[in-house]
Number of protein chains: 2
Amino acid sequence: MDGLEPALPGPAARAAYLYHVSELSQAEVAARLGVSRATVHNLLREARETGLVRVSFDPHLLGRADQARDLATAYGLEQAVVLPSDDPEAALRAAAGMVPELVPQGATLGVAWGETVYRLAQRLPQMRRPDLTIVQMVGSMASPYGFNAEDCSTLIAARLGAACVNLHAPAVLSDPSLVARLAREPIIARQLDTLARCDAALFAVGLASRESHIVQSGVADLDTLADYHGRGAAGVVAGRFIDGEGRPMSGSLDGRLIGIPPEGLLRIPRRIVVTFGAARADALAAALRGGFATHLVTDAAAAEAMAPRLPVSPRDAGP
Amino acid sequence: MDGLEPALPGPAARAAYLYHVSELSQAEVAARLGVSRATVHNLLREARETGLVRVSFDPHLLGRADQARDLATAYGLEQAVVLPSDDPEAALRAAAGMVPELVPQGATLGVAWGETVYRLAQRLPQMRRPDLTIVQMVGSMASPYGFNAEDCSTLIAARLGAACVNLHAPAVLSDPSLVARLAREPIIARQLDTLARCDAALFAVGLASRESHIVQSGVADLDTLADYHGRGAAGVVAGRFIDGEGRPMSGSLDGRLIGIPPEGLLRIPRRIVVTFGAARADALAAALRGGFATHLVTDAAAAEAMAPRLPVSPRDAGP
DNA sequence: ATTCGGGTTTGACAGATGTCAAGCAGGGAT
DNA sequence: ATCCCTGCTTGACATCTGTCAAACCCGAAT
């Protein structure tokens, strides 16, 4: 795990150093390296893509600092970041850029899966953090989106240069007794045990609607959805329905899911939630009320749509 | 300490977001912001200078990885980085870029002073790390270089956005008994106490020659220097002469210096040494032999000049 | 020996960026 | 009211950068 060095990209590193640190122009770098300018350009692109050089962005000074503070105080978050909504793609990239900074040194990071998490994962910067371990928090399902459950954790681990522990089990079974037996299997038990020891978790809040990945991927069928929805389901967190107050709901899925249980999730000390869009504002607000997040990354649209629902005095700041 | 927000540079942040994250061209950003392209360019410069956006550089993949590994194993360092020597200015910038990453979260960082540390400090990226506390490890002296002792710690703290504790005492006094009395003064005692609790230290290795800042600033006069030098002084660490094996030397300065003592320095768990140039190779090697560093940033010139002096088998790596 | 195919490098162009002197706005002094 | 000074903004130019099709290289297959 330490022996296989990832084949250092010598010329790219040299070019990147001369360009970014020595502040030579691409033409000057080309002259020193004895190649063409175009090649230098390609080397620099490579250096960026492999994470050798990185442009990072301080999210705190993004203008929406006031909204972020309001959210953080209202829901007792350690930290909240509100990104501009005008360009969803950019917001996702910005979120991807800051998530790694929210994961502490040496942490074991549990990740859920879903469209948001997957799209975030795709945009994570390439890093080298062998100190991290990524573990899949929710069992797998074949997914209609072109990604499947394992891909989320695997991709995140690959991007972050971290180790990866996948949960080799389906997300849902038809019979609680089978779940119980499976959970006693040593391989699965060990993985569930790792989950209980996570230092951090990364997940999104899903919708309790037929567009939700939990429905699309078949974890819940339409009847199940209708049942939970009829009883007030406000959203989905790590594969579990929650009500408007963020309480995990019981129902026909009880005992049939393989993955971290809500109380286990809540025991993880750092819980990073990434969720965008006004459409998800209600679900997000419910999850926050349930205390699922300690760190939140969202966008202005969601933040504004949540504002009327702030639990207490939204702003008591001075003039 | 938390109330005075540092006046968020709204337009700069907005421009930086649109440019770096949304990946618009400067012209497009200008159109959206209703200003000229040149202004956008200025805003982007400002964003870079204030640390809002930052280009960071992975130092591990810099090509000299083999030399770095040799040094690390030879001297039992946790981490060593060897930068190219062809452009000293660039090496200093690169070092400045990586030093903040070597300082752990929430640490109290002791800093020595001298030309290297000061020049490094000037090139540190602008950050916001209120979790850090910078403390001056060595007493002050009027300095002939245009910087004085306090400037090092103050500048480092300012750059890093950290708190700062300065040592309000001279580096050297004529009489040990006066030092002892001064050290019992509550104000000084408290500061020395903070020093004993540092989580990390940053310093350079100085030369035991008349060019050394320790001589130039008057901590040691020429006679003192001649004495220590005659008895085999190989370098200076945090204001104290060390011999070729890195042992602190006794002499006429005994008991007359105010600042962290060598054994106190060695008790700090993370000791970051930054020293460049073949001329300092001997001094650096001595300091490393004395175990003063856990983390080293140096250049190829110094590394090569040190190579013959490696304590044991320099390279036993494969083909 | 020759051909083929993949990947890399190059040259040239279109477009983006950095620079700088001139222009402009706002505030303080006369 | 006018002037001047300072600091920000602008337009225009010179340079630098990104792109892409054509050229090239090299190993594998015929």
So do the side chains of [X] and [Y] get within less than 4.5 Å of each other, counting heavy atoms only?
X	Y	value
A:R159	A:I156	no
A:Y17	B:P84	yes
B:L83	B:V297	yes

- prompt: In B/S/- notation, 5' to 3', how is nucleotides 5-19 of chain D contacted by protein heavy atoms closer than 4.0 Å?
  reply: ----SBB-----BSB
- prompt: Could A:R32 and A:E28 be called an ion pair, given the rule that one side-chain N must be under 4.0 Å from one carboxylate O?
  reply: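 Answer for the salt bridge query: no.
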field: By salt bridge (Lys or Arg N to Asp or Glu O under 4.0 Å) - contacts of B:E49 (at least two apart)
entry: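 Per chain and number, B:E49 pairs via salt bridge (Lys or Arg N to Asp or Glu O under 4.0 Å) with no residue.
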